[in-house]
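The next block holds one structure in the form of structure tokens; read it before the comments.
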Protein chains: 2
Amino acid sequence: MLRLHDYLPSGNGYKARLLLTQLGIPFQRIEYDILQGETRTPAFLKMNRNGRIPVLEMEDGTFLAESNAIIHHLAEGTPFLPSEPFPRAQVMQWMFFEQYSHEPNIATVRHWLIHLEMNDVQRAVLPQKQEAGHAALQVMEEHLRERAFFVGERYSIADIALYAYTHVAHEGDFDLGSYRAVGAWLERVRGQPSYIPITQG
Amino acid sequence: MLRLHDYLPSGNGYKARLLLTQLGIPFQRIEYDILQGETRTPAFLKMNRNGRIPVLEMEDGTFLAESNAIIHHLAEGTPFLPSEPFPRAQVMQWMFFEQYSHEPNIATVRHWLIHLEMNDVQRAVLPQKQEAGHAALQVMEEHLRERAFFVGERYSIADIALYAYTHVAHEGDFDLGSYRAVGAWLERVRGQPSYIPITQG
């Protein structure tokens with residue numbers, strides 16, 4: 001059975017949990033408390049030298065890190081990833097957008113606000129991250145005004161990648177009220193078969 | 001002919017330039033001065049709402065953004081991307097590592113040091129970015145100690161993605177002297193057929 005090395009509040013872990021569930025693939029979840037350094041132990045670093053969850057452990061004992069690499073690998077050959085070259089490239093464009101322009105702002109601010117006392121550097125950079133987070137949401141809003149899903153009018157791993165931290169952005173004090181197309185898209189994702197919430201392990 | 005919307009000092013643009021050249025695909029390069037806001041004009045935002053180079057313009061006039069999505073798309077079906085599922089996933093793991101853990105630290109510090117006066121927020125966050133940049137280099141160093149290239153003992157787009165900003169990290173005051181395996185790998189990349197430097201448009 002596949003094993004998912006995970007941390008329940010993580011949107012990055014949730015991407016893998018949601019897709020595995022929607023694909024009907026059974027998996028065992030192993031929880032790590034990232035706040036207690038449990039992903040920086042020698043044992044964990046053997047799975048992922050970069051010290052981050054999620055890590056997918058294959059049946060042969062090999063490991064795959066990086067949430068979007070994991071869901072791309074799992075989605076290959078399924079309806080969650082297009083088979084045509086250009087739509088595939090567009091899925092990847094949105095997944096890299098998510099990890100570069102969205103997650104480091106929206107997920108990081110959420111993490112600071114719900115888990116930690118902020119230090120001086122974090123307090124200094126907070127306004128810039130809030131602004132960049134809203135810029136990412138605005139890019140999504142404009143794209144979704146004319147579309148039901150991110151690529152090819154069909155639910156894909158591009159939607160899963162972007163849904164993970166957008167639907168909990170309010171926990172980082174991002175008010176989604178003015179992003180109406182994003183709000184409608186969140187509802188469409190929530191309505192997909194075999195949907196599970198981020199709180200479900 | 002393919003058109004690459006680009007900015008010559010950008011490592012992200014360089015990834016596409018290098019791969020296109022190594023694939024022997026002719027392309028036209030269009031230069032934008034990102035410091036003068038040329039990627040935030042209405043005309044540019046029609047190509048990429050996220051306002052960033054590189055953007056690859058296909059022969060049919062469609063656009064693809066995100067450097068790693070571009071090189072993944074171009075490499076499909078070539079020796080620069082493995083055909084087996086798990087090595088493909090490993091390539092993607094390293095490409096997401098690059099955009100999340102490497103580029104925002106190493107490339108951003110380089111950009112600040114060579115192009116701009118730093119503002120107070122940037123000065124406050126600089127030590128943390130320097131530390132995170134060295135952590136990324138250390139992850140690469142440990143991986144490369146036992147390997148010639150990042151995946152499958154063969155030059156791939158994982159190497160191109162990570163080479164782009166590693167080989168100019170010294171411009172961001174990252175001293176690579178103690179990363180001996182990284183240094184040897186940089187030489188191996190530099191020795192690949194049809195290699196071009198980042199300064200070549």
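A note on names: the letters A, B, ... follow the listed sequences, proteins ahead of strands, and every chain is numbered from 1. Just so it is clear, the structure is predicted and the values come from calculations on it, not from any experiment.
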| field | Contact listing (chain A partner; residues 120-140 of chain B; heavy atom under 4.5 Å) | value | Val121(B), Ala124(B), Val125(B), Val139(B)
| query | For chain A, which residues from residues 44-70 of chain B lie under 4.5 Å away (heavy-atom distances)? | reply | Arg49(B), Asn50(B), Arg52(B), Met58(B), Thr62(B), Phe63(B), Leu64(B), Ala65(B), Glu66(B), Asn68(B), Ala69(B)
[atom1]/[X] to [atom2]/[Y] distance, rounded to the nearest 0.5 angstrom?
{"X": "Phe97(A)", "Y": "Gln99(B)", "atom1": "CZ", "atom2": "CD", "answer": "12.5 Å"}
{"X": "Glu76(A)", "Y": "Met92(B)", "atom1": "CD", "atom2": "CE", "answer": "8.0 Å"}
{"X": "Tyr100(B)", "Y": "Asn12(A)", "atom1": "OH", "atom2": "CG", "answer": "6.5 Å"}

| message | Side chains of His73(B) and Pro85(A), heavy atoms from C-beta outward: is any pair under 4.5 Å? | response | yes
Take atom [atom1] in [X]; do more than 12 heavy atoms of anything else shown fall under 6.0 Å from it?
{"X": "Arg180(B)", "atom1": "CZ", "value": "no"}
{"X": "Arg40(A)", "atom1": "CZ", "value": "yes"}
{"X": "Arg154(A)", "atom1": "CZ", "value": "no"}

| query | Of all of Glu142(B), Met95(B), Arg88(B), Glu103(B), which one pairs up most often with chain A through heavy atoms under 4.5 Å apart? | reply | Glu142(B)
